[in-house]
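Ligands are counted one by one from 1 in listed order, and the atoms in each one are counted from 1 as well.
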Amino acid sequence: MPALGARVHPHYGVFSPVRGEYVDLVARTPLPVPAGRAAGPRIAFDLGTGTGVLAAVLARRGLGRVVATDDSPRALACARDNLHRLNLAARVDVVGPGLFPEGRADLVVCNPPWIPARPSSVRDRGVYDPGGAMLRGFLGGLAAHLEPGGEGWLVLSDLAEHLGLRTRADLLAVIEAAGLRVAGRIDTRPRHARAADTGDPLHAARAAEITSLWRLRID
Ligand SMILES: C[S@@+](CC[C@H](N)C(=O)[O-])C[C@H]1O[C@@H](n2cnc3c(N)ncnc32)[C@H](O)[C@@H]1O
């Protein structure tokens with residue numbers, strides 16, 4: 001992973017961060033400054049940590065403590081393994097299975113599966129989120145887990161919108177209903193070869209795909 005200057009190993013059935021562009025978003029978006037503190041955030045959550053890659057990026061960015069979760073026992077074991085090898089195990093707690101850990105954080109990052117449909121294998125669980133359950137769970141629980149002045153960072157591809165599986169209005173309505181405000185958005189385009197493959201039946205959607213980091217706040 002260029003953002004880490006190190007390798008991250010996915011275990012079987014754990015989402016592999018081969019499309020590094022979203023990792024770069026998390027590596028370069030300015031960290032929030034929590035209310036009443038001159039310094040940056042101290043505690044971050046990484047929900048649905050997979051290999052632990054985003055938790056590692058946050059720890060390397062100077063977060064004193066990161067709590068990483070996942071509902072997949074395979075992912076929890078994989079993240080622990082990677083964080084241990086990266087010498088970050090002392091600063092990152094991997095807990096679960098579950099979505100939110102206890103307590104509040106200055107920064108809550110979540111890169112949920114981006115297609116609201118049923119996975120057909122364990123390997124698809126990083127891509128397919130039945131009924132958008134994880135996306136809704138993250139947005140619905142965020143306000144109760146953010147410290148004042150904190151931010152939630154939602155990393156989400158809009159491929160589902162291009163496939164007619166979700167609308168932008170739906171997403172904005174869920175954000176608003178959760179009492180959240182969009183403080184900013186940083187976009188990136190896929191760099192993988194399939195995005196340029198005109199023979200792919202999903203070419204039109206893939207060519208238009210944008211992955212965004214949504215900065216969400218409660219104040
Ligand atoms: C797109 S992958 C992201 C993995 C990692 N954060 C990354 O950026 O490479 C989504 C992750 O969310 C996890 N997940 C899916 N549904 C979940 C849920 N309801 N609660 C917690 N984790 C979930 C999956 O196991 C998977 O590891």
Identify the protein heavy atom lying closest to atom 11 (C) of ligand 1, giving its residue, its atom name and the separation to 0.1 Å. G48 O, 3.5 Å
N111, any N or O under 3.5 Å of ligand 1 N or O: yes
Among D106, D46, D93, which residue satisfies the salt bridge (charged side-chain N to carboxylate O under 4.0 Å, His left out) criterion with R65? D93
Of all the non-hydrogen atoms in the protein, which one sits nearest to atom 1 (C) of ligand 1, and at what distance? G126 O, 2.9 Å
Look only at the side chain of N82 and the backbone of V8, and say whether a donor-acceptor pair between them is shorter than 3.5 Å. no
Ranked by distance from atom 15 (C) of ligand 1, the top protein heavy atom is M134 SD, 3.4 Å
Which heavy atom of the protein is the closest neighbour of atom 25 (O) of ligand 1, given with residue, atom name and distance? D70 OD1, 2.7 Å
For ligand 1, which atoms have a heavy atom of G50 less than 4.0 angstrom away? 4 (C), 27 (O)
Nearest option to atom 7 (C) of ligand 1, as decided by whichever heavy atom of F138, F100, Y128, Y22 sits closest: Y22
CA sep, side-chain torsions, deciding dist, call: D81, H9, side chain to side chain donor-acceptor pair (under 3.5 Å): CA-CA 9 Å; D81 227 38; H9 299 270; over 6 Å; no
Please list, chain by chain and in numerical order, all residues satisfying salt bridge (charged side-chain N to carboxylate O under 4.0 Å, His left out) with R118, sequence neighbours excluded. none
Applying a strict 4.0 Å limit to heavy atoms, is P97 in contact with ligand 1? no
R181/E151 ion pair, N-O < 4.0 Å: no
Rounding to 0.5 Å, atoms CG (L63) and CZ (R60) come to a distance of 13.5 Å
Atom 18 (C) of ligand 1: of T49, V14, D71, the nearest heavy atom sits on D71
Within-shell test, T51 vs ligand 1, heavy atom, strictly < 4.0 Å: no
Can you list everything that forms a salt bridge (charged side-chain N to carboxylate O under 4.0 Å, His left out) with E161? Sequence neighbours excluded, please. R168
Determine whether the aromatic ring centres of residues Y22 and W214 are separated by less than 6.0 angstrom. no
Indicate yes or no: does an N/O atom of S72 lie under 3.5 Å from an N/O atom of ligand 1? no
Which of the atoms of ligand 1 are close to V53, meaning less than 4.0 Å from one of its heavy atoms? 7 (C), 9 (O)
